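Here the structure is laid out as structure tokens; the discussion comes afterwards.
Note that the numbering runs from 1 along the sequence shown for the chain. The model shown is predicted, which means the values in this text are computed figures rather than measured ones.
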Amino acid sequence: MIENGLVELSRMIYQYCGLNYTDRLMTLREKISKRVKELDLTYWEYGKYLKMSPLEWDHLIEILTINETYFYREEHQLNECCSNVLPKLKEKIHTRPIRIWSAACSTGEEPYTLAMLIQETKKFPPGSVQIIGTDINKKVLEKAKNAWYHNSSFAFRRIPKVLMKKYFVEQDGGYKIIKNIRDMVEFHHLNLLEADRFAPIGEVDIIFCRNVLIYFDQETTKKVIRNLYQKLTPGGYLFLGHAESITDLDLGFQKIDSDKTFYYRKELKQHEEVRYISR
């Protein structure tokens, strides 16, 4: 028999971060049972504890979120961004840096890969591209900021050797990203459902939000995409995971198909076209 407290917990989690366990209560119980036992609480009491001690959400998010990622993931999208999208933006934007947001960046592999590939183009001087990485999990963000990865980490499974040699230094049984690449990226804690806290991100020209929507239902997906839409400059670009599609949701994005991947462009209105070109 499923406890009422577990049902309430699933509702609270859904409202907080969009993860839907309402029809996967047994999975939720498996994930959080150890933590609940540590605190010597029932599931109902744990729900009350979350309300009384908001910092416990950080611990719960660490338990619930999946943070497996690696450098140079989905390389066709990365190459499309650096070879085609960024040069197009460079032609239009002259008075400020191009800004890229890696939403749900986990331990930092995605934004750091972008920084390395941008450096490889030799077309963007220091400061001309800014990268922001965000995640709901504070623990993985600390690892991202530290930029050190154990030498046996799966994070290195796909990265080309040339990038390893140029942009990492061996340190304490692992590899640390060199300073000029670290300096291209800043990190912030952020819940993608809390649009009222997006202010520190500012407007961005490109968003990577890959392999996140697969954990959301359609209602939450729409909310997240609308939030991202608001942060994109007119004509800005959105990269999602290959298993994710928003084509049929009518959320203001045009799908772009390239030879080996696809992505989305924020549709322009006439007054926005003028604003975009004049930036």
Side-chain angles (χ1 to χ4, degrees), residues 13-24 27 64-86 88-89 98-106 109-111 113-114 117 131-137 157-158 190-195 198 201 203-269 272-273 276:
I13 291 166
Y14 179 76
Q15 289 183 341
Y16 182 79
C17 64
L19 295 176
N20 191 356
Y21 287 96
T22 55
D23 57 353
R24 297 185 297 134
T27 300
L64 296 178
T65 52
I66 299 171
N67 297 293
E68 180 184 1
T69 186
Y70 49 90
F71 294 102
Y72 212 57
R73 186 177 187 180
E74 296 184 14
E75 60 188 88
H76 296 309
Q77 287 192 338
L78 298 169
N79 293 334
E80 177 72 17
C81 176
C82 295
S83 299
N84 293 322
V85 173
L86 279 172
K88 289 178 182 177
L89 290 171
I98 296 170
R99 307 189 75 242
I100 303 174
W101 177 15
S102 172
C105 69
S106 186
E109 288 89 338
E110 180 176 85
T113 300
L114 285 165
L117 294 178
I131 303 172
I132 306 101
T134 68
D135 203 276
I136 194 173
N137 187 326
R157 72 183 79 172
R158 294 294 302 276
L190 192 69
N191 182 341
L192 292 177
L193 294 186
E194 297 179 342
F198 280 22
I201 304 302
E203 282 194 322
V204 294
D205 305 292
I206 302 170
I207 297 177
F208 279 79
C209 186
R210 304 191 295 178
N211 306 304
V212 177
L213 303 182
I214 55 176
Y215 300 106
F216 297 150
D217 61 14
Q218 189 174 92
E219 181 180 349
T220 305
T221 293
K222 287 182 177 180
K223 183 174 182 179
V224 169
I225 294 300
R226 289 190 184 107
N227 290 345
L228 299 182
Y229 180 94
Q230 294 300 320
K231 300 307 294 181
L232 269 176
T233 54
Y237 297 88
L238 172 65
F239 288 83
L240 302 177
H242 284 147
E244 300 166 322
S245 174
I246 58 171
T247 304
D248 298 329
L249 299 184
D250 192 25
L251 296 173
F253 286 93
Q254 174 190 4
K255 185 181 179 184
I256 298 175
D257 289 297
S258 67
D259 289 341
K260 296 182 179 180
T261 189
F262 67 89
Y263 50 105
Y264 298 89
R265 184 171 185 256
K266 181 176 178 177
E267 294 178 342
L268 287 168
K269 298 176 182 177
E272 291 177 326
E273 184 77 47
Y276 179 60

Would you indicate whether the side-chain heavy atoms of [Y] and [X] approach each other to under 4.5 Å?
| X | Y | result |
| --- | --- | --- |
| Ile136 | Tyr16 | yes |
| Leu240 | Leu238 | yes |
| Ser102 | Ile132 | no |
| Tyr72 | Asn79 | yes |
| Ile246 | Leu213 | yes |
| Thr220 | Leu193 | yes |
| Asp135 | Leu190 | no |
| His242 | Gln77 | yes |

Evaluate the side chain to side chain contact (heavy atoms under 4.5 Å, CB included) criterion for residues Tyr264 and Ser245: first the C-alpha distance (whole Å), next the side-chain angles of each, then the deciding distance (0.1 Å), finally the verdict. CA-CA 10 Å; Tyr264 298 89; Ser245 174; 3.5 Å; yes
Verify, without hydrogens or angle tests, whether [X] (side chain) and [Y] (backbone) share a donor-acceptor contact under 3.5 angstrom.
| X | Y | value |
| --- | --- | --- |
| Thr113 | Phe71 | no |
| Lys231 | Val204 | no |
| Lys266 | Tyr237 | no |
| Asp205 | Arg99 | yes |
| Arg73 | Thr69 | no |

So, using side chain to side chain donor-acceptor pair (under 3.5 Å) as the criterion, who are the partners of Asn137 when residues are at least two apart? Thr65
Tell me the salt bridge (charged side-chain N to carboxylate O under 4.0 Å, His left out) pairs involving residues 214-223, sequence neighbours left out?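 Listed once each, the pairs would be none.
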With a sphere of 6.0 Å drawn around CZ of Arg24, does it hold more than 12 non-hydrogen atoms of other residues, nucleotides or ligands?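 More than 12 within 6.0 Å, yes.
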Gln15 atom CD, neighbour heavy-atom count above 12 within 6.0 Å: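 Yes, the 6.0 Å shell around CD holds more than 12 heavy atoms from other groups.
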Restricting to non-hydrogen atoms, name the atom on [X] and the atom on [Y] that form the minimum distance, rounded to 0.1 Å.
| X | Y | result |
| --- | --- | --- |
| Tyr229 | Glu267 | OH-O, 4.1 Å |
| Gly133 | Cys105 | C-SG, 3.7 Å |
| Ile201 | Thr134 | CD1-CG2, 3.5 Å |
| Leu117 | Cys82 | CB-SG, 3.6 Å |
| Leu192 | Cys209 | CD1-SG, 4.1 Å |

Pair Val212-Val224, side chain to side chain contact (heavy atoms under 4.5 Å, CB included): steps then yes or no: CA-CA 10 Å; Val212 177; Val224 169; 5.8 Å; no
Apply salt bridge (Lys or Arg N to Asp or Glu O under 4.0 Å) to Arg210 and list each qualifying residue two or more places apart in sequence or on a separate chain.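 Once residues adjacent in sequence are excluded, the partners of Arg210 under the salt bridge (Lys or Arg N to Asp or Glu O under 4.0 Å) criterion are Glu74, Glu110.
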Taking only residues two or more places apart in sequence or in another chain, which ones pass ring-ring contact (aromatic ring centres under 6.0 Å, His included) with Phe208?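 Residues passing ring-ring contact (aromatic ring centres under 6.0 Å, His included) with Phe208: Phe239.
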Residues that Phe198 engages under ring-ring contact (aromatic ring centres under 6.0 Å, His included), provided they are two or more places apart: Trp101
Rounded distance (nearest 0.5 Å) linking atom OG1 of Thr22 with atom CD1 of Ile13: 10.5 Å
Quick check for you: to the nearest 0.5 Å, what is the distance between Arg226 atom CZ and Leu249 atom CG?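 Reported to 0.5 Å precision, the distance equals 8.5 Å.
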Going by side-chain contact (heavy atoms from CB on, under 4.5 Å), Ile206 matches just one of Leu86, Thr233, Ile131. Which one?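 Result for side-chain contact (heavy atoms from CB on, under 4.5 Å) with Ile206: Leu86.
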List the atom pairs, with distances to 0.1 Å, where a side-chain N or O of residues 250-258 and a protein N or O form a donor-acceptor pair under 3.5 Å, not counting sequence neighbours.
residue : atom : partner : partner atom : Å
Ser258  : OG   : Thr261  : N            : 3.3
Ser258  : OG   : Thr261  : O            : 3.1

